[in-house]
Structure formats: C-alpha cells, structure tokens
Amino acid sequence: MTSAPSALFTDLYQLTMMQGYHAYGLHTEEAVFDLYFRKQPFGGGFAVWAGLEPALAMLETLRFTEEDLAYLGTLGLFRPDFLEALRGWRFSGRVTAFREGSVVFAHEPLLTVTAPLWEAQLVETALLNTLNFQTLVATKATRCVLAAEASPFGGQIVEFGARRAQGPDGALSAARAAYVGGAVGTSNVEAGRRYGLPLTGTHAHAWVESFPDELAAFRAYAELYPDSTTLLLDTVDTLRSGLPNALTVARELRAAGHELRGVRLDSGDLAYLSRRIRAALDEAGFPNVKIVASNDLSESVIASVIAEGGRIDVYGVGTQLATAGGEGGGALGGVFKLAQLGGIPRMKLTGDPAKFSLPGVKHVWRAVNDQGELVFDALTLGDAPRTGDRLSAPTNPLRASRVPGGLAWEDARQVVMEGGQRTGEPETLQAAQARARADLARLPAGTRRALNPHLYRVGLGEDVAGLRDRVAEGLRVHAEA
Ligand SMILES: Nc1ncnc2c1ncn2[C@@H]1O[C@H](COP(=O)(O)OP(=O)(O)OP(=O)(O)O)[C@@H](O)[C@H]1O
Ligand SMILES: O=P(O)(O)OC[C@H]1O[C@H](OP(=O)(O)OP(=O)(O)O)[C@H](O)[C@@H]1O
Ligand SMILES: O=C(O)c1cccnc1
C-alpha cells in the first residue's frame, strides 16, 4: 500500500480467525509463515523482488485506531473482549527476507514472518498485496530494460503509466517498482516526491494544438525550457513537419547557447522513423539529441524495433509497465503459508504436489561458482549444503541431483525486522536498483532471455525434503485413521 497503512486492509477471514485464535488461546503461539510464488511471471527465468521497504513500514506502524474498532464493532461478528485486545495490538515479529532488487525464483521463501500467530495472520493480505504487485512490475521493468539494452546503441526505459495504471495506489507503487527494476525515471510527480525518483517528461499533442502552428508551439516550449526540451513530432506529420520544425528549433537553441534535449515519436513505424530521424539529426550536427518513443510499447515491440535497426534512446512505457501486462503477467500469485506453529512443522497437503507447502524453518542458500555466476539456490533447515548432498526439485522429488564441488555459498536472506522494528535504516531505491542490476549480471545468460529461458534451479536439501515427506505422511495417516 502506498497510502497510510490501515489495519483493516486485510481479508475478513484474517480477523475472524484472529478472534478464534484469541478465544482458543492460540494467538500467542509462535508462528512461522513463508511468502513465495510458484510460477515465474511472464514465462520468464527470474523475478525481481520489490516492495520490501513499504511492507516493513506497514508492519512497523500498523495499529487499530478507535475508528477501526468502532467499525469492526458494527459488523456483529466480534466480541467486546476481542476488540479490546486489538486496542493494544501491534506487530512484534521477526522478518527474514531477500533485500529489494534481488533476483528470486519460484518456490523459495522470499520473506519469512516469525510472530505470534494472530499477528502473522493479520498481515498476510497486506504483505501479499504489496510484494506481489511490486515484484511483478519490477520484473516487467527489468524485462523491458533487457530488451532495450539489446540494442548496440543502448536504450533506457522510463515509466509513463499513471494514466492507465490500476488506480492511484497502483500507479504510485508501479512507478516505485519500475525504478527498482531499472527504469531511469517516471512521469508521475507524486511518485517522484514520495520515493525520490527522477522525473522525466516531454509535452503532449495538446500543446502543439494550442498554438497557431507547430513551429510556434515548439519555439514557445523551447523558450520556457531551453535546456530540457523534448519535442513531440507527430501532431501534424512526423517527417514532413515535426522533424524540420524540431531542427529549426534545435538550431535556434544552439544559437542562443542551449541544446535541444530530444524528440519524441508517438505513432507510426518506430524502427523506420527513428532511423530516418537519427540520420537527419546526425547530418544536421545534432548527434546528442535523444530520440524518445512511446505508443503502446511492450517488451516485444521494443525487441522488434531494435531487430529492425531502430535508433531509439529512451522508451516511454505506460500501460504495459504500470499494469505489468502481457502473457504470464497481470498478477503474481505469491502466497503466504504456515510452515511451523509452536515449534511444530506444519504443511498444506493437497492433491496437486505443486501446491504442497514446505514445513519447517528454512534457509535459502545461493551457490556461486568461481566466475561469480549464480548456479542454483538450495533450501535447507540449517547450514549450506555440502558437496555430494542430494538436492531435489520442489515439485518433483524424482528429479534430483548432487551438489558439485567448487561452489561458494551465500546466505540469500537477512533478518530485516526484529521485535517489530527494522534492524537497520531503510535502504534507498538506488541501492535496490543497483542490486537488481548486479544480480542480473550474475545470472546464467540463458536465464535472462525473454523467450523459453533456461530455468534456474531451486533445490530442496535432504533435510527439507525429508521433513516434508514425514509431515505429509503424518497428515495422510491421520486422514486415513
Ligand atoms: N517497428 C515496429 N515493430 C513492432 N511494433 C511496432 C513498430 N513500430 C510501432 N510498433 C507498435 O505497433 C503498434 C501500433 O502502431 P501503429 O503504427 O499501427 O498505430 P499508431 O501509429 O499508434 O496509429 P495511431 O496514429 O492511431 O496512433 C504500437 O504498439 C507500436 O508501439
Ligand atoms: O504505453 P502507453 O500506455 O501507450 O502510455 C504512454 C502513452 O500515453 C500517452 O498517450 P495518450 O494518453 O495521449 O494517448 P494516445 O497517444 O494513444 O492518443 C503518450 O503519448 C503515450 O503514447
Ligand atoms: O512526458 C511524456 O511524454 C508522457 C507522459 C505520460 C504519458 N505519455 C507521455
């Protein structure tokens, strides 16, 4: 959530369960919940973890106000003693998590909450809401960045999606997450203020339409912003009118000691037009004028424009970025599952082995080879796996391999909250963006590709797999008895 967190931003069943835990004396039992997703978004080989700082801020400040309690009292569900108990409620737990910007994979616990049961239960909805969406958008941004950077001339992504995002909250958190994923700026001014993001912008068709002619409009804009003008070329005709008028203004600015910053294309064949415009700008002595493009851009449009030799420097991506659209997008199906209660491992056992949850308190280990490349991740109940240990696939115990030698192990997560308080200062978004870039560079190359990527391996150590099998067996025996 991007507005002030409310304790009522939860599903009703969390509150009805909380009342039950309270009534049956279970509420203070120590619970361990893991947050993870089962399928990488966009059919991709990785996801970029985002939203942790807002999630921690929410946990730190969550309280039931008098108004909240009064409202709950009107529902006819909650007893006075439970509502009274909520008066002093606060989150007092521990959170262990990947740092923002980390590349992460399906089936590994990304965040683990250890807290009294009723505390952990309440925050499921808000944690998933924040982390699912921001991780999805950060991943989409990274995929757009990778597409843009495939050009021999480079290319950057800026986020233009506020007008098409899912509501104001969606727009703000999308701008934030897009930055974590590698977008270099946003057009959303409130997001800039709130998160310290670099702002960027050009002008719209309405500006040109508001003047007697295009040249007058371009001149007027350049006069106001002589060092930061990007002119939109397609209101009349990109090549016949927009380009010559922009060149006129570029020359006039230079004569006055300034430089035109850029031009924007917003329709037509972006590969063809950008090649023509790059050639014309270069020939006229303006090699530093940037070409910005927009118009329903997506990762595949960006890739196509580049494959055709397009010369775009900056891609303004709106709808597809802020809504994380496209195949395999729309929503990330992250879940929050109980792994231990009162020191006893717990799991969900269903007909579909892909939906089994993993019991126990797990560590996530990241294997790094002598080239500094990530090789696979492993989940254990304790220390890092040793050479020769067996690792099995999370959803298919028959697929297993042995841990090779020559690997270094990183403990992939850190304790980021203890006793309901962050263990350190909030990280900057710049740090998260830098981590995403560095982690991405450590991935095996095939894992980064957009189409049918190599699937990075997440393996279960023998202790985790053994515990899962024992708990599952216990549940089955119990069910059959
Ligand atoms: N070279 C290209 N390769 C792939 N897709 C492209 C290329 N150039 C533009 N597109 C994309 O094609 C889609 C439609 O563009 P098209 O040129 O048909 O309509 P348009 O120019 O937006 O028309 P309108 O004038 O109605 O805005 C957009 O999503 C645009 O980003
Ligand atoms: O990636 P997108 O979702 O396209 O977002 C960016 C678009 O937003 C603006 O269009 P505008 O709202 O003026 O609509 P139009 O250009 O389609 O007329 C801008 O000119 C881009 O084309
Ligand atoms: O500044 C721009 O060019 C811009 C901003 C939002 C949406 N489309 C374009």
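One-based numbering, in listed order, for ligands and for the atoms of each. The first residue in the sequence is number 1, and the count goes up from there. These values consider heavy atoms only, across backbone and side chains, with no hydrogens, waters or symmetry-generated copies.
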At under 4.0 Å between heavy atoms, is it the side chain or the backbone of [X] that contacts ligand 2, or both, or neither?
X: Thr319; value: both
X: Gln320; value: neither
X: Arg264; value: side chain

Identity and distance of the protein heavy atom lying nearest [atom]:
atom: atom 17 (O) of ligand 2; answer: Arg164 NH2, 4.5 Å
atom: atom 16 (O) of ligand 2; answer: Asp266 OD2, 3.2 Å
atom: atom 6 (C) of ligand 3; answer: Arg163 NH2, 3.6 Å
atom: atom 13 (O) of ligand 2; answer: Arg163 NH1, 3.7 Å
atom: atom 1 (O) of ligand 2; answer: Gly318 N, 2.8 Å

Please determine if Val301 has a nitrogen or oxygen closer than 3.5 Å to a nitrogen or oxygen of ligand 1.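 No; the residue has no nitrogen or oxygen that sits under 3.5 Å from a nitrogen or oxygen of the ligand.
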Quick one: does Asp269 get an N or O within less than 3.5 Å of an N or O on ligand 1?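 Yes, at least one N or O pair falls under 3.5 Å.
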Protein contact for atom 5 (O) of ligand 2 (heavy atom, distance under 4.0 Å):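 Flag for atom 5 (O) of ligand 2 set to true, protein heavy atom closer than 4.0 Å.
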Strictly inside 4.0 angstrom of atom 11 (P) of ligand 2, do you find any protein heavy atom?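 Under the 4.0 Å cut-off, atom 11 (P) of ligand 2 does have protein heavy-atom neighbours.
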Cationic tip of Lys140 above Phe42 ring, under 6.0 Å, 45° of axis: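 Here Lys140 passes the 6.0 Å and 45° test against Phe42.
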Atoms of ligand 3, numbered as shown, that sit under 4.0 Å from any heavy atom of Gly201: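 Atoms satisfying the 4.0 Å criterion: 1 (O).
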Evaluate Thr202 for polar contact with ligand 3, using N/O atom pairs at a separation under 3.5 Å.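 For ligand 3, there is an N or O atom that lies under 3.5 Å from one belonging to Thr202.
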Do any N/O atoms on His203 end up under 3.5 angstrom from N/O atoms on ligand 3?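 It does not: no N or O of His203 is found under 3.5 Å from an N or O of ligand 3.
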Atom indices of ligand 1 within 4.0 angstrom of Ala271 heavy atoms, with elements: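 Close to Ala271: 1 (N).
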Angle between ring planes, His363 versus Trp365, binned at 30° and 60°: parallel, tilted or perpendicular?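 Aromatic pair His363/Trp365 classed parallel.
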For Thr125 and Gln14, which I'm curious about, is there any donor-acceptor pair between the side chains at under 3.5 Å?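 Yes, Gln14 and Thr125 have a side-chain donor paired with an acceptor closer than 3.5 Å.
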Just go through Asp296, Ile302, Leu297 and tell me whose heavy atom is the nearest to atom 29 (O) of ligand 1.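 Among Asp296, Ile302, Leu297, the closest heavy atom to atom 29 (O) of ligand 1 comes from Asp296.
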